[in-house]
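Here's the structure, in structure tokens; my notes come after.
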There are 2 protein chains.
Amino acid sequence: MAANERMSKRDATRRENEARILAAAEKVFAEAGFGGATMQLIADMAGLPKANLHYYFATKEELYRKVVQQIFEIWLHAADSFDNAPGPVEAIGAYIDAKMEISRRHPFGSKVWASEVMHGAPVIQDYLETTLREWTKGRADLIQRWIDEGKMAPVDPRHLLYMLWATTQHYADFGHQIETLNGGKPLTDRQWKAAKDSVKTIILRGIGAI
Amino acid sequence: MAANERMSKRDATRRENEARILAAAEKVFAEAGFGGATMQLIADMAGLPKANLHYYFATKEELYRKVVQQIFEIWLHAADSFDNAPGPVEAIGAYIDAKMEISRRHPFGSKVWASEVMHGAPVIQDYLETTLREWTKGRADLIQRWIDEGKMAPVDPRHLLYMLWATTQHYADFGHQIETLNGGKPLTDRQWKAAKDSVKTIILRGIGAI
DNA sequence: TCTCTTTCTGACCGTATGGTCAAGGTTGAG
DNA sequence: CTCAACCTTGACCATACGGTCAGAAAGAGA
């Protein structure tokens with residue numbers, strides 16, 4: 001269906017239902033894990049009968065796979081921040097901003113992703129071995145080039161990438177812990193900014209880019 | 001029972017069985033999540049009939065709680081590295097070493113801990129609010145003192161701590177991803193050392209301590 | 001050895017879950 | 001208006017799971 005065609009009522013309903021189900025599933029999978037999540041709970045949260053879920057998504061696995069893929073897309077898109085930057089300060093700074101923003105806006109997705117990887121990536125192992133592996137190699141090469149050009153200190157590019165992932169995703173995956181240590185209150189706008197700035201400052205200075 | 005008393009056969013068996021069950025449970029909970037883990041699987045892995053598990057641990061929740069508590073102990077013990085150090089370089093360096101070693105030696109425990117926190121800490125919320133909160137405040141104050149004394153750059157102590165946790169635990173929690181990006185092979189001794197050094201270098205330079 | 005306590009285990013039970021299905025309702029092209 | 005395709009849903013099913021229990025086995029103390 002082309003974008004300029006008028007959408008039929010059916011198409012609109014389908015699209016909306018799928019979106020509701022996916023959103024509900026993301027939340028339930030994040031909060032209960034794959035094994036702890038139930039189709040009934042997802043259905044209730046989406047406001048649909050359980051049998052209807054199985055009309056749109058044949059099995060729990062299929063629904064889960066869609067959720068994980070959706071997250072992977074967002075995740076990869078943030079990687080764009082890395083490109084078209086003259087040097088490490090701009091690239092890594094923008095990447096940290098983007099990933100921190102994802103942690104803030106998509107905490108459920110981040111948790112589902114973390115859970116998937118922690119359990120051995122049963123669903124997205126092929127993505128790890130293809131897309132992610134290539135992406136990582138490309139960025140590691142880029143970082144190495146910056147090092148060779150004297151734009152930053154000689155650090156292991158891969159461990160730097162792991163550090164970026166770990167630090168930014170921590171704010172989503174361990175958000176509950178952070179909230180608890182913040183007096184039980186979610187981080188405010190100001191605190192999120194402070195978090196971003198802290199991470200950027202420490203890492204950029206840590207790699208000798210500033 | 002005092003330590004110098006001879007242990008009866010019964011006591012020895014009990015101790016051994018509990019240890020086997022806890023080890024098996026840690027692995028299964030880490031790999032499948034609480035919801036995905038089954039008592040049958042834990043029993044098989046421990047080499048005991050399922051009914052026997054329920055003799056030692058009344059419910060799945062109780063077994064899980066023991067596993068999580070065990071991990072928290074190890075986690076807290078690593079925190080000792082922070083003490084009795086003259087300044088940030090020694091303290092944070094030792095802490096990174098200790099936590100990286102835990103990630104390497106107790107990857108299952110780390111995953112269970114991560115999973116527990118990600119799911120809202122249903123079991124160890126009270127620990128977060130008491131022990132962890134106090135520990136964090138103490139170390140944050142200590143870091144602030146170092147800043148005031150000019151031993152390191154002014155960074156937000158709490159965000160620094162989060163960064164330490166995130167970065168070190170990442171090597172356990174996302175170990176599968178790292179292994180995949182390492183050509184499907186676990187990190188070698190040399191690579192673990194490189195990881196530790198990278199983390200220490202970037203962070204210690206990042207906080208202006210070296 | 002005898003006896004009491006602790007430990008072990010196969011068989012069993014109620015429940016919750018993922019998934020199915022048939023019947024009825026709704027939509028839209030021709 | 002018609003009808004075929006599509007969507008919705010309550011009721012249902014088979015299975016797998018956590019947990020129970022009665023009785024057998026093994027150990028400890030006398």
Side-chain angles (χ1 to χ4, degrees), chain A residues 1-2 5-22 24-68 112 115 119 122-123, chain B residues 1-2 5-22 24-68 112 115 119 122-123:
Chain A
M1 182 186 58
E5 278 184 59
R6 188 172 172 83
M7 216 191 305
S8 70
K9 190 167 178 181
R10 271 193 184 153
D11 287 340
T13 305
R14 169 173 276 272
R15 182 175 294 208
E16 187 186 324
N17 281 352
E18 284 180 353
R20 291 173 69 135
I21 294 169
L22 283 170
E26 182 176 300
K27 190 171 183 195
V28 173
F29 282 134
E31 288 176 349
F34 179 81
T38 71
M39 294 298 270
Q40 187 62 63
L41 195 59
I42 295 170
D44 291 348
M45 190 157 295
L48 296 168
K50 180 169 71 101
N52 210 347
L53 256 67
H54 283 98
Y55 176 75
Y56 286 104
F57 302 92
T59 65
K60 190 183 177 186
E61 274 82 5
E62 184 185 321
L63 175 55
Y64 175 74
R65 188 173 296 123
K66 283 277 160 55
V67 169
V68 172
V112 173
S115 194
H119 297 153
V123 163
Chain B
M1 184 186 56
E5 277 184 59
R6 188 172 171 84
M7 216 190 304
S8 70
K9 190 166 179 182
R10 271 191 184 157
D11 286 341
T13 305
R14 167 172 278 272
R15 183 174 294 208
E16 187 187 322
N17 281 352
E18 283 180 352
R20 291 174 69 133
I21 293 169
L22 284 169
E26 183 176 298
K27 190 170 183 194
V28 173
F29 283 135
E31 289 175 348
F34 178 82
T38 71
M39 294 298 269
Q40 187 62 63
L41 195 59
I42 295 170
D44 291 347
M45 189 157 295
L48 296 169
K50 181 168 70 103
N52 209 346
L53 256 67
H54 282 97
Y55 176 74
Y56 286 104
F57 302 93
T59 66
K60 189 182 176 185
E61 274 81 7
E62 185 185 321
L63 175 54
Y64 176 74
R65 188 173 297 123
K66 284 274 161 58
V67 169
V68 172
V112 174
S115 194
H119 296 358
V123 163

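In what follows, every chain begins at residue 1, and chains take the letters A, B, ... in the order their sequences are listed. From a predicted model like this one, the values you see are computed outputs, not experimental measurements.
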Extract all donor-acceptor atom pairs below 3.5 Å that involve side chains of residues 24-32 of chain A and protein atoms in other chains or at least two apart in sequence.
{"unit_1": "A/E26", "atom_1": "OE2", "unit_2": "A/G109", "atom_2": "N", "d": "3.3"}

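Residues A/I42 and A/I21 come closest through the heavy atom pair CG2-O, 4.1 Å. Closest non-hydrogen pair, A/L53 versus A/M39, comes out as CD2-O, 3.6 Å.
Backbone-only engagement by B/A37 is indicated by non-hydrogen atom pairs under 4.0 Å involving sugar-phosphate atoms exclusively. Heavy atoms of A/A43 sit nowhere under 4.0 angstrom from any nucleic acid atom.
Out of D/dC17, D/dC7, C/dC8, the shortest distance to the side chain of A/R14 is found at D/dC7. Each of D/dC17, C/dG19, C/dC8 was ranked by its minimum atom distance to the side chain of A/E61; first place goes to C/dG19.
Remark: B/N52 engages no residue in a side chain to side chain donor-acceptor pair (under 3.5 Å) (not counting sequence neighbours).
Under the 4.5 Å side-chain criterion, counting only non-hydrogen atoms from C-beta, A/Y55 is in contact with A/R14. Within the 4.5 Å cutoff, side-chain heavy atoms of B/L22 are placed close to those of B/L63.
We find that A/R65 and A/E61 are not joined by a salt bridge, their nearest charged nitrogen and carboxylate oxygen being 4.0 Å or further apart.
Put simply, CG on A/D44 is 13 Å from P on D/dT9, counting in whole angstrom units. Remark: P of C/dT7 and CZ of B/R15 are 14 Å apart, rounded to the nearest angstrom. Per the geometry, CD1 belonging to B/I42 stands 12 Å off C1' belonging to D/dC17, to the nearest Å. In this structure, the CZ atom of B/F29 is 12 Å from the C1' atom of D/dG18, given to the nearest Å. The nearest whole Å value for the distance from the CZ atom in A/F34 to the P atom in C/dT17 is 14 Å. Following rounding to the nearest Å, B/K60 (NZ) and D/dA16 (P) show an atom-to-atom distance of 16 Å. In this structure, B/Q40 places its CD atom 17 Å from P of D/dT15, rounding to the nearest Å. Distance CG (A/L63) to P (C/dG19): 10 Å, rounded to an integer number of Å.
Residues from residues 47-58 of chain A that place a heavy atom under 4.0 Å from any atom of DNA chain C, listed by number: A/K50, A/A51, A/H54.
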